[in-house]
**Q** 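Just dropping this structure here.
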Amino acid sequence: MKKALFIDRDGTLIVEPPEDYQVDSLEKFQFVPGAITAMQRIAGLDYELVMATNQDGLGTDSFPESDFWPYQQLLLNTLSGEGVEFKDVLIDRSFPEECLPTRKPGIGMFGKYLDGSYDLSSSYVIGDRITDVLLAKNLGARAIFMQNPEQGIMQLQDEGLSDVAALVTDCWNDVYAFLRGEERRVTVTRKTGETDISVTVDLDTAAGSFVHTGIGFFDHMLWQIVHHAGIMLQVEALGDTYVDEHHTIEDTAIVLGEAFYRALGSKRGIERYGYVLPMDESRALVLLDFSGRISFEWNVSFHREKIGDMPTEMFKHFFKSFCESARCNLHIEAVGENEHHKIEGVFKAFSRALKMAVKRDGFKYELPSSKGVL
């Protein structure tokens, strides 16, 4: 589903004149510090950009059209020159006392975003007024409140809106950093008659990880992803292990792969590929490509039925299920004498491949594909 950033104009993108709140001359036109640079970077994230603004009495004698549009166009042209394009510009022209449903925080202007094609719970309203936070609440979105943090938090508490604002800051760099990190954190759940799985991944931090599957050796292998990929991984798996381990391992792989697929989002700026790794006398090779295409190769043999409490036949099944769910190319080879070392080497190499592939350059948001699509 699509996600949107509903961005206020005056006081958020450009400075709002304190004397009459109208940007109607060149002398009054000034960008909020950091807005242009941050917006250039935000434009590379997986959000549609929508400008939403109240312009009191626009088109009346108190605010003629000719006083508004030159500076609105200057704003749009300046940002467009930096690669920032707004999918939509929503302007309410009413006065506050008219109490029209189109005026923020009313949602009368936002009908096209309420048809179910947008994931509003993962969308944000960015603005400097409490009305912007209220708009987020009314849309079912979250707010980024552009205020001094100490003062903004007090305002939110006074209005009972603390749970609506995901971030309170007066720094545009903070907004970009938050959105960049938020984009790559997802939770995926899957419940069947055999298992109940919840997986959360955050590709930009390892803090807060835990793994509970009820299969000790499987937990040990999944922790390799945390340690060697440098990502946050939360796995809570309840399965019919009284039957055997198959369903729990398979369904965890499916949910984990889906979580990676979603967390990668647009895939802009990622490295995409990776890894070979020695593990004592063993050697593991993992080739990984988040290409959007599915190809799985497995060349690892075992001479024991189980390692710990995990059947060795399930290792291939785990990685195959992950590959299909994550929509990637995954080729794995390993040789060695010690079966524990061999599979641990595979998981470590896989984790290092993940770390390389999901790494993203914050200043370079091209798709890593000559086709222009992944």
Side-chain angles (χ1 to χ4, degrees), residues 1-8 12 38-39 41-52 84-88 90 104-105 107 109-127 132-146 156 161-169 172-191 197-205 207-208 231-236 255-270 290 292 325-327 358 360 362 365 367 374:
M1 294 178 69
K2 295 178 286 187
K3 300 182 295 183
L5 297 180
F6 303 102
I7 305 172
D8 178 46
T12 302
M39 286 297 300
R41 295 174 181 174
I42 288 169
L45 302 180
D46 194 24
Y47 295 93
E48 287 188 4
L49 304 182
V50 179
M51 185 183 298
V84 181
E85 301 289 347
F86 286 92
K87 182 78 172 181
D88 204 356
L90 306 176
K104 296 188 299 179
I107 58 175
M109 292 196 297
F110 297 85
K112 69 178 72 173
Y113 302 99
L114 305 174
D115 64 0
S117 62
Y118 286 82
D119 182 1
L120 292 175
S121 65
S122 298
S123 300
Y124 294 89
V125 175
I126 306 176
D132 297 306
V133 182
L134 283 168
L135 173 63
K137 180 180 179 180
N138 294 339
L139 287 171
R142 290 178 288 175
I144 296 175
F145 193 28
M146 297 290 289
L156 293 170
L161 295 170
S162 298
D163 60 337
V164 179
L167 177 68
V168 182
T169 183
W172 265 105
N173 283 339
D174 290 346
V175 176
Y176 163 69
F178 172 81
L179 291 172
R180 179 190 174 195
E182 185 75 358
E183 184 189 30
R184 295 183 10 131
R185 178 188 176 111
V186 299
T187 298
V188 180
T189 60
R190 185 174 190 264
K191 189 171 184 177
I197 313 289
S198 175
V199 171
T200 298
V201 298
D202 187 327
L203 301 184
D204 297 301
T205 182
I231 67 169
M232 188 270 276
L233 178 62
Q234 296 178 347
V235 179
E236 193 71 58
V255 178
L256 182 64
E258 181 68 24
F260 267 87
Y261 178 75
R262 294 188 193 180
L264 284 169
S266 67
K267 300 181 184 177
R268 290 184 178 276
I270 66 168
F290 284 112
S325 189
R327 290 79 149 175
V358 305
R360 186 165 68 175
Y365 271 92
L367 276 172
L374 280 178

**Q** Write down the atom of Tyr124, the atom of Arg142, and the distance for their closest heavy-atom approach.
**A** OH-NH2, 2.8 Å
**Q** Working to the nearest 0.5 Å, report the span between CE of Met232 and OG1 of Thr200.
**A** 6.0 Å
**Q** Please check if the side chain of Gln234 supplies one atom and the backbone of Val201 the other of a donor-acceptor pair under 3.5 Å.
**A** no
**Q** Leu203 and Leu264: side chain to side chain contact (heavy atoms under 4.5 Å, CB included), yes or no, with the steps?
**A** CA-CA 8 Å; Leu203 301 184; Leu264 284 169; 3.8 Å; yes
**Q** Please round to the nearest 0.5 Å and tell me the distance separating atom NZ of Lys3 and atom OG of Ser123.
**A** 7.5 Å
**Q** A side-chain contact here means heavy atoms from C-beta on lying under 4.5 Å apart; do Ile126 and Asp132 qualify?
**A** no
**Q** Mind checking whether Leu49 and Lys87 have side chains closer than 4.5 Å, heavy atoms only?
**A** no
**Q** Can you tell me how far NZ of Lys2 sits from CG of Asp119, rounded to the nearest 0.5 angstrom?
**A** 12.0 Å
**Q** Decide yes or no for Val133 and Leu156: does some side-chain heavy atom of the first lie under 4.5 Å from some side-chain heavy atom of the second?
**A** yes
**Q** Quick check: closest heavy atoms across Leu139 and Leu120, and the distance to 0.1 Å?
**A** O-CD1, 3.2 Å
**Q** Take Met146 and Trp172, measure what side chain to side chain contact (heavy atoms under 4.5 Å, CB included) needs, and give me the verdict at the end.
**A** CA-CA 8 Å; Met146 297 290 289; Trp172 265 105; 3.6 Å; yes
**Q** According to ring-ring contact (aromatic ring centres under 6.0 Å, His included), who are the partners of Phe6, at least two apart in sequence or on a separate chain?
**A** Phe110, Tyr113
**Q** How many angstroms lie between atom NZ of Lys137 and atom CG of Leu135, to the nearest 0.5 angstrom?
**A** 12.5 Å
**Q** Give the C-alpha distance, both sets of side-chain angles, the deciding distance and a yes or no for side chain to side chain contact (heavy atoms under 4.5 Å, CB included) between Val168 and Ile144.
**A** CA-CA 6 Å; Val168 182; Ile144 296 175; over 6 Å; no
**Q** What are the two closest heavy atoms between Ser325 and Tyr261, and how far apart are they?
**A** O-CB, 4.0 Å
**Q** Which of parallel (below 30°), tilted (30 to 60°) and perpendicular (above 60°) describes Phe290 and Phe260?
**A** parallel
**Q** Side chains of Leu134 and Leu161: does their closest heavy-atom pair fall under 4.5 Å?
**A** yes
**Q** Between Val164 and Ala141, which heavy-atom pair has the shortest distance, and what is it?
**A** CG1-O, 4.4 Å
**Q** Is there a donor in the side chain of Tyr176 and an acceptor in the side chain of Arg41, or the other way round, less than 3.5 Å apart?
**A** no
**Q** Could you check whether any side-chain heavy atom of Leu179 comes within less than 4.5 Å of a side-chain heavy atom of Tyr47, counting everything from C-beta outward?
**A** yes
**Q** Nearest 0.5 angstrom please: Arg262 CZ to Ser122 OG, how far?
**A** 10.0 Å
**Q** Under 3.5 Å, is there a donor-acceptor pair between the side chain of Asn138 and the main chain of Pro105?
**A** yes
**Q** Is any side-chain heavy atom of Thr187 closer than 4.5 Å to a side-chain heavy atom of Val199?
**A** no
**Q** Write down the atom of Met51, the atom of Phe86, and the distance for their closest heavy-atom approach.
**A** N-CD2, 3.6 Å
**Q** Mind checking the CG-CD1 spacing from Leu90 to Ile107? Nearest 0.5 Å is all I need.
**A** 12.5 Å
**Q** Salt bridge between Lys104 and Asp8, side-chain N to carboxylate O under 4.0 Å?
**A** yes
**Q** Could you go through the side chain to side chain contact (heavy atoms under 4.5 Å, CB included) check for Arg327 and Glu258 one step at a time?
**A** CA-CA 8 Å; Arg327 290 79 149 175; Glu258 181 68 24; 2.6 Å; yes
**Q** Can you name the closest pair of heavy atoms from Thr12 and Gly127 and give their distance?
**A** OG1-CA, 3.4 Å
